[in-house]
Amino acid sequence: MEQVLGLTAVAVALLIGLGALGTAIGFGLLGGKFLEGAARQPEMVPMLQVKMFIVAGLLDAVTMIGVGIALFFTFANPFVAQLAG
């Protein structure tokens with residue numbers, strides 16, 4: 001039982017930590033490419049900005065799904081229920 005809880009805690013930490021790391025890298029690349037595009041063609045900035053915010057929302061959505069799964073494993077762990085039953 002303790003091993004299942006310990007490994008679940010490690011899995012939750014990895015889900016949240018790697019999700020945050022991936023989002024940070026994604027936002028860094030996204031912002032850099034947006035600035036490159038804005039510097040090359042300033043007249044395209046409004047269109048590029050809209051697309052950048054759409055992609056930023058999708059990046060955050062992926063991370064929030066990982067956080068939701070991590071919370072599920074933290075508070076309603078199905079592995080503990082299998083051991084108890």
Side-chain angles (χ1 to χ4, degrees):
M1 180 74 116
E2 291 81 16
Q3 185 176 9
V4 170
L5 291 175
L7 290 175
T8 300
V10 170
V12 165
L14 285 173
L15 270 170
I16 293 174
L18 292 178
L21 179 66
T23 301
I25 291 170
F27 271 118
L29 292 173
L30 178 65
K33 297 296 181 179
F34 170 72
L35 290 176
E36 284 179 17
R40 287 178 189 250
Q41 294 183 342
E43 68 275 2
M44 299 279 292
V45 168
M47 188 180 73
L48 290 174
Q49 191 174 21
V50 168
K51 290 183 180 181
M52 181 190 72
F53 283 125
I54 290 171
V55 173
L58 293 173
L59 274 172
D60 276 341
V62 170
T63 304
M64 290 302 115
I65 290 170
V67 168
I69 293 170
L71 288 172
F72 172 71
F73 281 138
T74 301
F75 294 111
N77 195 341
F79 304 115
V80 172
Q82 284 185 348
L83 284 177

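The chain is numbered in sequence order, starting from 1. All heavy atoms count here, side chains included; hydrogens, waters and symmetry mates do not. Quick caveat, the model's predicted, so the values are computed rather than measured.
The distance from atom CD of Gln41 to atom CE of Met47, rounded to the nearest 0.5 Å, is 8.5 Å. Note: Thr8 OG1 to Gln3 CD = 10.0 Å, rounded to the nearest 0.5 Å. Between the CE atom in Met44 and the CZ atom in Phe34 there is a gap of 11.0 Å [rounded to 0.5 Å]. Between the CG atom of Leu71 and the CE atom of Met64 there is a distance of 9.5 Å, given to the nearest 0.5 Å.
Residues Val4 and Val80 have side chains in contact (heavy-atom distance under 4.5 Å, counting atoms from C-beta outward).
A continuous path of hydrophobic side-chain contacts links Leu15 to Ile65 [ILVMFWY only; heavy atoms under 4.5 Å]. Placement of Ile25 and Ile16 in two distinct hydrophobic clusters is found when ILVMFWY residues are connected by side-chain heavy-atom separations under 4.5 Å, directly or transitively. Leu59 and Leu29 end up in different hydrophobic clusters when Ile, Leu, Val, Met, Phe, Trp and Tyr side chains are linked at under 4.5 Å. The hydrophobic clustering, which links ILVMFWY residues whose side-chain heavy atoms are closer than 4.5 Å, places Leu30 and Leu21 apart. Hydrophobic clustering (side-chain heavy atoms under 4.5 Å, transitive across Ile, Leu, Val, Met, Phe, Trp, Tyr) keeps Leu18 apart from Val12.
Residues Ala38 and Val45 approach most closely at CB-CG2, 3.6 Å, considering heavy atoms.
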Under the side-chain contact (heavy atoms from CB on, under 4.5 Å) criterion, do Thr23 and Asp60 qualify, and how do the steps go?
CA-CA 7 Å; Thr23 301; Asp60 276 341; 3.9 Å; yes
